[in-house]
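Before any comments, here is the structure.
Numbers here simply count residues along the sequence, with the first being 1.
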Amino acid sequence: MNLKIKICGMVYADNIKSISGLVPDLMGFIFYPSSKRYAERILDPSDLKDLSPQIKRTGVFVNEPFDKIINAVTRYSLDFVQLHGNESPDLCQLLKETGTGVIKSFSIKKEYAFEKCAEYVLCTDYFLFDTLTTGFGGSGTRFNWEELGNYDLGHPFFLSGGISPDDVERISAISVNGFYGIDLNSRFEIKPGLKNYESLRSFVDVVRKNE
């Protein structure tokens, strides 16, 4: 499959250290105050000082202004920002011009019109397709992945939304131009923000063996 692996919703320093041993391509920290996995409430920038440079630090934001996002980027030395709200292409472009990688998330529902993503192609590095919920992700709910068959922009994207330890075969069956990576979160948790190392290790091992 040769898919990039992003593990999101990390909060606790010891858990971050443990999961970093799996060397995911990206590790996500949520900067949305209403999230059960709100990192800034618990996580100190010093907790990330030993994180391998191979693991790209990704901050998840929802409808935050440019200055607040950049403040977090600077404070936590983030490599990427993931924008999970109604952010404009102009904001994405401003962030991209700072040298920060930009991932724009889109909430997918039945018969989703992927053409609305087109205006974000030039101002982002990647898309992320998640399940439409009221809580901006982290619901553990999977959308109908058959909808991806309607995606024809070719811009690289991460698949998110309820991916579970049992989904390797389903993921392997996805053949869509631009399918770049998977985003793992709530289905691999002991509690919100605390990831199950063994569950993730087993899943990641299988995914990488299938590359």
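- Between Y126 and L26, every side-chain heavy-atom pair lies at or beyond the 4.5 Å cut-off.
- Contact between R57 and S77 at its shortest, heavy atoms only, is CD-O, 3.2 Å.
- In this structure, CG on L51 lies 5.5 Å from CE on M27, to the nearest 0.5 angstrom.
- Atoms CZ and CG, on R37 and L194 in that order, are 11.0 Å from each other to the nearest 0.5 Å.
- In this structure a side-chain-to-backbone donor-acceptor pair under 3.5 Å is missing from D205 to S202.
- Within the 4.5 Å cutoff, the side chain of E64 has heavy atoms near those of the P33 side chain.
- In this structure, CZ on F106 lies 9.5 Å from CG on L83, to the nearest 0.5 angstrom.
- Between F31 and the choices V73, L43, V62, L78, the side-chain contact (heavy atoms from CB on, under 4.5 Å) rule is met once, by L78.
- Under the 4.5 Å side-chain heavy-atom criterion for grouping Ile, Leu, Val, Met, Phe, Trp and Tyr, L48 is connected to I69 within one hydrophobic cluster.
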Apply side-chain contact (heavy atoms from CB on, under 4.5 Å) to the pair R187 and S199, showing each step before the final yes or no.
CA-CA 9 Å; R187 293 291 190 96; S199 179; over 6 Å; no
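- Ring-plane geometry between Y151 and F114 is classed as perpendicular, the angle between the planes exceeding 60 degrees on a 0 to 90 degree scale with a lower cut at 30.
- V102 places none of its side-chain heavy atoms less than 4.5 Å from the side chain of Y120.
- Looking only at side-chain heavy atoms (C-beta outward), I30 and H84 stay at 4.5 Å or farther from each other.
- Heavy-atom minimum distance, K56 versus P53: NZ-O, 3.5 Å.
- Distance check: N86 CG to L91 CG gives 11.5 Å after rounding to the nearest 0.5 Å.
- Between the side chain of D130 and the backbone N or O of S107 there is no donor-acceptor pair closer than 3.5 Å.
- Across all non-hydrogen atoms, the minimal contact from C8 to D183 is CB-OD1, 3.6 Å.
- Other residues, nucleotides and ligands place no more than 12 heavy atoms under 6.0 Å from the CG atom of L122.
- Put simply, the side chain of E87 gets close to the backbone of N63: a donor and an acceptor are under 3.5 Å apart.
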In sequence, state the C-alpha distance, the side-chain angles, and the governing distance for D167 and R142, and then conclude on salt bridge (charged side-chain N to carboxylate O under 4.0 Å, His left out).
CA-CA 11 Å; D167 282 332; R142 186 170 60 231; 2.9 Å; yes
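- Atoms CG and CD1, on L22 and I55 in that order, are 8.5 Å from each other to the nearest 0.5 Å.
- Residues K104 and G85 approach most closely at NZ-O, 3.0 Å, considering heavy atoms.
- In the model, N71 has no side-chain atom that pairs as donor or acceptor with a side-chain atom of T74 under 3.5 Å.
- Taking hydrophobic clusters as Ile, Leu, Val, Met, Phe, Trp and Tyr residues chained together by side-chain heavy-atom distances below 4.5 Å, Y32 does not share a cluster with I42.
- Here F29 and Y76 keep their ring centres 6.0 angstrom or further from each other.
- When every heavy atom of D125 is checked against every heavy atom of T100, the shortest pair comes out as OD2-O, 4.4 Å.
- Hydrophobic clustering, with ILVMFWY side chains joined whenever heavy atoms are under 4.5 angstrom apart, keeps Y12 apart from V60.
- For the atom pair L200 CG and I7 CD1, the distance stands at 4.5 Å (nearest 0.5 Å).
- Put simply, the side chain of Q93 never gets that close to the backbone of E97: no donor and acceptor are under 3.5 Å apart.
- You'll find the side chain of W145 stays beyond 4.5 Å of the side chain of V176, heavy atoms only.
- Summarising the local packing, CD of E169 is surrounded by 12 or fewer heavy atoms from other residues, nucleotides or ligands at distances under 6.0 Å.
- Note on Y180 and F143: separate hydrophobic clusters, where clusters join Ile, Leu, Val, Met, Phe, Trp and Tyr whose side-chain heavy atoms are under 4.5 Å apart, directly or indirectly.
- Geometrically, K6 does not engage F158 in a cation-pi contact defined by less than 6.0 Å to the ring centre and at most 45° from the axis.
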Decide yes or no on side-chain contact (heavy atoms from CB on, under 4.5 Å) for I5 and F203, but give the supporting numbers first.
CA-CA 10 Å; I5 296 172; F203 185 87; over 6 Å; no
Item to complete: Assess whether side-chain contact (heavy atoms from CB on, under 4.5 Å) is satisfied between K195 and N185, documenting all intermediate values.
Response: CA-CA 8 Å; K195 299 299 185 283; N185 193 348; 3.3 Å; yes
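- Residues L148 and F157 are in side-chain contact: their nearest non-hydrogen atoms beyond the backbone lie under 4.5 Å apart.
- Connection of I103 to L95 is not established within any shared hydrophobic cluster, with ILVMFWY side chains joined at heavy-atom distances below 4.5 Å, either directly or through further cluster members.
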Practice task
Would you please test F127 and L153 for side-chain contact (heavy atoms from CB on, under 4.5 Å) and show each step?
Solution key: CA-CA 11 Å; F127 293 154; L153 296 176; 4.2 Å; yes
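- N15 is listed as a side-chain neighbour of M10, based on a closest heavy-atom distance under 4.5 Å.
- In the model, D90 has no side-chain atom that pairs as donor or acceptor with a side-chain atom of S88 under 3.5 Å.
- The shortest side-chain heavy-atom distance between Y112 and C117 falls under the 4.5 Å cut-off.
- In this structure, R41 and K36 approach most closely via the heavy-atom pair NH2-O, 4.1 Å.
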